[in-house]
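Just so it is clear, the model here is predicted, and its values are computed rather than measured. Below, chains carry the letters A, B, ... as their sequence lines are ordered, and counting in each starts from 1.
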Number of protein chains: 2
Amino acid sequence: MNNNFEYSKILNTVDAVVFTYDNEELKILLVKREIEPFKNQWALPGGFLRDNETLEIAIKRELKEKANIESIFLEQLHSFSSINRDPRARVITTAFYALINNSNYKIKADADAIDAKWFLFNSNFKLAFDHNLIVDMAIKRLKKNLEYRPIGFELLPKYFTISQIQKLYEIIFDKEVDKRNFRKKLLKTELIIETDKFDKTGVKRPARLYFFNEDKYNEFKKEGFKFKII
Amino acid sequence: MNNNFEYSKILNTVDAVVFTYDNEELKILLVKREIEPFKNQWALPGGFLRDNETLEIAIKRELKEKANIESIFLEQLHSFSSINRDPRARVITTAFYALINNSNYKIKADADAIDAKWFLFNSNFKLAFDHNLIVDMAIKRLKKNLEYRPIGFELLPKYFTISQIQKLYEIIFDKEVDKRNFRKKLLKTELIIETDKFDKTGVKRPARLYFFNEDKYNEFKKEGFKFKII
DNA sequence: ACTATATAGTGTAATGATAACACTATATAG
DNA sequence: CTATATAGTGTTATCATTACACTATATAGT
């Protein structure tokens, strides 16, 4: 047992799998590493935990620094601790998964990241460290969560059409859904509220805009989400 | 950022919330601390991560050392990182939750733990560190998981009666379930296999013994558990 | 102005799942 | 041999899910 309360050889980092939905595509935020190891390779945004930070605060700071991202849906995913996952030292990373509702954040580079970009979630990117493993687990978790929790709204803009959210589910679950049944089910939950505005960006008949019913969401949170969205 | 690849002031531990089901009661394994801090208080079994161990290997070692527990159902729960959760130093713990199928393991004490005992899961124990927080999260996770995953069998002996498993669910979800409907639903999943043996320990009519259908379980794992047990 | 077109939006019937409900069967204890 | 506690069983009503095809409407092109 480690009884040395001064120092440890084990270092702690945080990393995040940040999803967004843009242009009818599910995307993941990656940053290009500017330093060794894995210099110039793409990796998840993240970095070392500081002495005075919780894991949650650290990942928020990293996302702010690396991608100018603030106030997003963020949950712990898993802590990865394989012995040799970092060639420099013994490093344990706690991975988060995050959802943001558009890709309009001004992604900026910092010391570590010379570049940050959105990648299609199912592209064959080969990432630094064990980050492919982390992404795989995040996608699994996202799917599992979306089935029973109405967190899909986190990925959508404030006002959205029913077609948009249906498309989002179809992409993530990789299956087509009946339009009438999806609408019925979604409207019955009362999780979305109708507006009298319409989305006129489409080329044909404009679709009605809705927004997310947070009160209803909080009710469901208490009851434990006894419904299935898809 | 921490660029010192020699040492960190942040230490890593692992802790486990081990559940079992015994005598129609859901119980949690706790150990009494033999050393400061929180000497003589009850705490979750766990300890420091060693340099050459993953988190998973460390918690298995700790459970073996502290409670002579091996080969159980074990999943990561969450990493807890509040700054002052350990008065000695900055310590991050990765908590696991575990299920074992009886309480007959010979619990033994080691250097850290002078005593280890099973406590009713809903008793008002006041634990060392932030371990009450960890237990609360584990119970929530257990409930959420039991709803959609047939992990309840991990808590039962190899051969069990349908009444036993029903009782288990009733205790964990704290609600009564219709006997006929529960049986129908459970048998339809084909997750249990009938034997021609009967449980004669009861005082009245013996109940048929069943065992868990692992093949079916593995099938479901692939498909993603599209059913609800309770 | 009219037409073509792409997408929005709507209802009903069949099927399957869940929930509600009460009695019989049987081994043991006395 | 009787009383008793627990095991074990089916049917109906309700609710949820699925399958399925047409009308509505704003825009673009003529």
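- Atom P of nucleotide C/dG9 and atom CZ of A/F198 are separated by 7 Å, given to the nearest angstrom.
- Inter-residue side-chain proximity for B/N132 and B/F125 is flagged as met; some heavy-atom pair is nearer than 4.5 Å.
- Ring-centre distance between A/Y148 and B/Y148: below the 6.0 Å cut-off.
- Considering only the side chain of A/A207, C/dG9 comes nearest among C/dG9, C/dA29, D/dA26.
- Counting heavy atoms of neighbouring residues, nucleotides and ligands inside a 6.0 Å radius, atom CG of A/N124 does not exceed 12 of them.
- Between the base of C/dT18 and the side chain of B/K188 there is no donor-acceptor pair shorter than 3.5 Å.
- Atoms CG (B/L209) and C1' (D/dT6) sit 14 Å apart, rounded to a whole Å.
- Looking at B/D15 and B/T93, their side chains do bring a donor and an acceptor atom within 3.5 Å of each other.
- Ion pairing between B/K167 and B/E170 fails under the 4.0 Å rule for side-chain N and carboxylate O.
- The side chain of B/R180 contributes no N or O atom lying less than 4.0 Å from OP1 or OP2 of D/dG10.
- The residue B/K185 sits close only to the backbone: its heavy atoms come under 4.0 Å of sugar-phosphate atoms, none of a base.
- One atom, OH of A/Y148, and another, C1' of D/dA16, lie 14 Å apart when rounded to the nearest Å.
- Side-chain proximity of B/N181 to the nucleotides C/dG9, D/dT17, C/dA20 is greatest for C/dA20.
- Following rounding to the nearest Å, A/L186 (CG) and D/dA16 (P) show an atom-to-atom distance of 16 Å.
- One interatomic measurement links the two molecules: NZ of A/K200 to P of C/dT7, which rounds to 18 Å at whole-angstrom precision.
- Residue A/L187 is the one, among A/L187 and B/K184, whose nearest nucleotide of DNA chain C lies closer to the 5' end (criterion: closest heavy atom).
- Using a 4.0 Å heavy-atom cutoff across all strands shown, A/R183 reaches at least one base atom of the nucleic acid.
- Between B/Y169 and B/F173, the ring-plane angle classifies as parallel under the 30° and 60° cut-offs.
- What separates NZ of A/K228 from P of C/dG16 is a distance of 17 Å, to the nearest Å.
- Here the nucleotide nearest the side chain of A/P206, chosen from D/dA26, D/dA28, C/dA20, is D/dA26.
- For B/V203, whose side chain is taken as the heavy atoms from C-beta onward, the closest listed nucleotide among C/dA29, D/dT27, D/dT11 is C/dA29.
- Ring pair A/W42/A/F119 is perpendicular by interplanar angle, where above 60° counts as perpendicular and below 30° as parallel.
- The CZ atom of B/F182 sits 13 Å away from the P atom of D/dA7 (whole-angstrom rounding).
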I'd like to know whether B/L74 forms a side chain to side chain contact (heavy atoms under 4.5 Å, CB included) with B/L63, so could you lay out the CA-CA distance, the side-chain angles of the two residues, the decisive distance to 0.1 Å, and finally the verdict. CA-CA 11 Å; B/L74 192 69; B/L63 288 175; 4.2 Å; yes
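- Scanning both residues, A/P45 and A/I59, for their nearest heavy atoms gives O-CD1, 4.3 Å.
- Taking five base pairs at each end of the helix from C/dA1-D/dT30 to C/dG30-D/dC1, the local helix axes there meet at an angle of 10°, rounded to 10°.
- When the nucleotides D/dT11, C/dA8, C/dT7 are ranked by their closest atom to the side chain of A/K204, C/dT7 comes out on top.
- As a whole-Å value, the separation of A/D178 CG from C/dA13 C1' is 14 Å.
- Shown for residues 162-170 of chain A: residues whose heavy atoms fall under 4.0 angstrom of DNA chain C, namely A/S163.
- With hydrogens and angles ignored, a donor-acceptor pair closer than 3.5 Å exists between the side chain of B/K179 and the base of D/dA7.
- At the phosphate of C/dG9, neither OP1 nor OP2 sits under 4.0 Å from any side-chain N or O atom of A/R205.
- Aromatic rings of B/F38 and B/F129 (six-membered ring for Trp) have centroids within the 6.0 Å cut-off, being under it.
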